[in-house]
Chemist: 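Take this structure first; my questions come after.
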Amino acid sequence: ISTQTRLSIFVVIHRTIIHNIVTFGRRIARRHLQGTIRITVETVEQLRQGTAAPQAQPAQASAKPAPKIFKPDTLIRWTRSARQVVDLVRGLSPVPGAYTLLWTKGEPLTLKVYKAAVTDIPTEGYYGQVRIEGKRLLAGCADRFIALEEVQPEGKKRMAAADFLNGFRPGGDERFL
């Protein structure tokens, strides 16, 4: 009579650096493509050599699921710092996506933001400002402007901000709500 056992490969803990330009979606894809195979090979090699140092998992009581994200959680709040807004956009891209309301021509336009970058341009405390510089769409946060690089207007496809600006006709009263 033989018995079977299962071995979990959650033996070795690996840490990686996540750079400021990496979105959640890109991080997950890269991890699946590169990291899984490398970590598995390293762990199996350590087990074969007898150098693996197993670590006990924390007690189940400390393991909690991540909180559910609701639509109000994905709304960009321009009163936050530029870094906080860009981090929100990165963390929610591509799904569910951060969004804002662009007030233009007397009505709000829902605009999903998929990619943004912090600029060195100070806002002087006027958050929610819209600034168009050439083909750049800038949004004012609490401390400085951010450049919106990829957006999706309501009912349209995802596009570069420069493409959005090609078809956008400002009414003079634009601001982010």
Side-chain angles (χ1 to χ4, degrees), residues 14-39 64-177:
H14 289 270
R15 298 186 193 282
T16 60
I17 296 172
I18 301 174
H19 299 283
N20 284 343
I21 60 170
V22 177
T23 64
F24 174 76
R26 286 186 62 195
R27 174 69 184 130
I28 293 298
R30 183 178 299 149
R31 181 176 177 200
H32 283 284
L33 292 175
Q34 297 172 347
T36 305
I37 293 171
R38 181 180 53 83
I39 290 170
K64 297 176 186 170
K68 185 173 171 115
I69 298 174
F70 296 98
K71 186 164 182 170
D73 300 325
T74 65
L75 177 65
I76 296 172
R77 289 172 177 72
W78 300 107
T79 55
R80 294 184 178 164
S81 73
R83 172 57 43 211
Q84 287 174 315
V85 171
V86 168
D87 287 346
L88 176 74
V89 169
R90 286 178 45 229
L92 296 175
S93 182
V95 175
Y99 80 98
T100 187
L101 298 173
L102 173 61
W103 185 263
T104 182
K105 299 176 187 164
E107 58 186 47
L109 169 69
T110 301
L111 194 66
K112 274 196 170 186
V113 181
Y114 291 98
K115 191 174 181 187
V118 177
T119 70
D120 292 330
I121 306 168
T123 57
E124 300 166 3
Y126 298 112
Y127 52 85
Q129 293 178 68
V130 174
R131 186 185 284 186
I132 299 170
E133 292 183 354
K135 293 295 178 185
R136 287 180 40 170
L137 176 59
L138 304 176
C141 298
D143 56 347
R144 63 188 65 239
F145 281 91
I146 64 169
L148 304 182
E149 297 175 350
E150 264 185 57
V151 297
Q152 181 179 7
E154 187 174 14
K156 304 227 172 156
K157 291 183 178 181
R158 183 174 170 173
M159 62 185 77
D163 295 333
F164 170 73
L165 291 175
N166 285 336
F168 180 66
R169 302 291 172 249
D173 63 344
E174 284 74 29
R175 69 182 180 276
F176 289 107
L177 303 177

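Sequential numbering from 1 along the given sequence is applied to the chain's residues. Just so it is clear, the values below take in all heavy atoms, side chains as well, and ignore hydrogens, waters and symmetry mates.
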Chemist: So, does Q129 use its side chain to make a donor-acceptor pair with the main chain of Y127 at under 3.5 Å?
Modeler: no
Chemist: Test L109 against L101 for side-chain contact (heavy atoms from CB on, under 4.5 Å), laying out the working first.
Modeler: CA-CA 5 Å; L109 169 69; L101 298 173; over 6 Å; no
Chemist: Taking all non-hydrogen atoms of both residues, which atom of R169 and which atom of T104 are closest, and how far apart?
Modeler: O-OG1, 4.5 Å
Chemist: Do side-chain atoms of R77 reach the backbone of L75 as a donor and acceptor pair under 3.5 angstrom?
Modeler: yes
Chemist: Check whether any side-chain heavy atom of F168 lies under 4.5 Å from a side-chain heavy atom of E174, and answer yes or no.
Modeler: yes
Chemist: V89 and side-chain contact (heavy atoms from CB on, under 4.5 Å): which single residue from V113, L148, T74, T100 fits?
Modeler: V113
Chemist: Going from CD1 on I146 to CD on Q84, what distance comes out if it is rounded to the nearest 0.5 angstrom?
Modeler: 11.5 Å
Chemist: Would you compute the distance between atom CG of L102 and atom CD of E154 and round it to the nearest 0.5 angstrom?
Modeler: 11.5 Å
Chemist: Just how far is it from atom CD1 of I121 to atom SG of C141, taken to the nearest 0.5 Å?
Modeler: 11.5 Å
Chemist: Looking at every non-hydrogen atom in both residues, tell me the closest pair between E149 and A117 and how far apart they are.
Modeler: OE2-CB, 3.3 Å
Chemist: Quick one: are Y114 and V151 in side-chain contact, heavy atoms under 4.5 Å?
Modeler: no
Chemist: Going from OH on Y99 to NZ on K112, what distance comes out if it is rounded to the nearest 0.5 angstrom?
Modeler: 10.0 Å
Chemist: So which heavy atom on V118 is nearest to which on R83, and how close?
Modeler: CG2-NH2, 3.5 Å
Chemist: Which residue pairs pass the salt bridge (Lys or Arg N to Asp or Glu O under 4.0 Å) test when at least one of the two sits in residues 130-140, sequence neighbours left out?
Modeler: R131-E133
Chemist: How many angstroms lie between atom CG of L111 and atom CG of L177, to the nearest 0.5 angstrom?
Modeler: 11.5 Å
Chemist: Does D143 reach the main-chain N or O of P122 with its side chain, forming a donor-acceptor pair under 3.5 Å?
Modeler: no
Chemist: Please determine whether side-chain contact (heavy atoms from CB on, under 4.5 Å) holds for the pair F176 and V130, giving the CA-CA distance in whole Å, both sets of side-chain angles, and the decisive distance to 0.1 Å.
Modeler: CA-CA 7 Å; F176 289 107; V130 174; 3.5 Å; yes
Chemist: What heavy-atom pair brings P153 and M159 nearest, and what distance separates the two atoms?
Modeler: CD-CE, 3.8 Å
Chemist: Considering non-hydrogen atoms only, spot the tightest contact between K68 and D73 and give its length.
Modeler: O-OD2, 3.9 Å
Chemist: Take W78 and V85 through the test side-chain contact (heavy atoms from CB on, under 4.5 Å) and record every step on the way to the result.
Modeler: CA-CA 7 Å; W78 300 107; V85 171; 4.0 Å; yes
Chemist: So, taking the atom named CG in L138 and the one named CD1 in I132, what distance separates them when rounded to the nearest 0.5 Å?
Modeler: 9.0 Å
Chemist: Which atoms form the tightest heavy-atom contact between E150 and R158, and what is the distance?
Modeler: OE1-NE, 2.7 Å
Chemist: Taking CG in D120 as the centre, count heavy atoms belonging to other residues, nucleotides or ligands within less than 6.0 Å. Is the count above 12?
Modeler: no
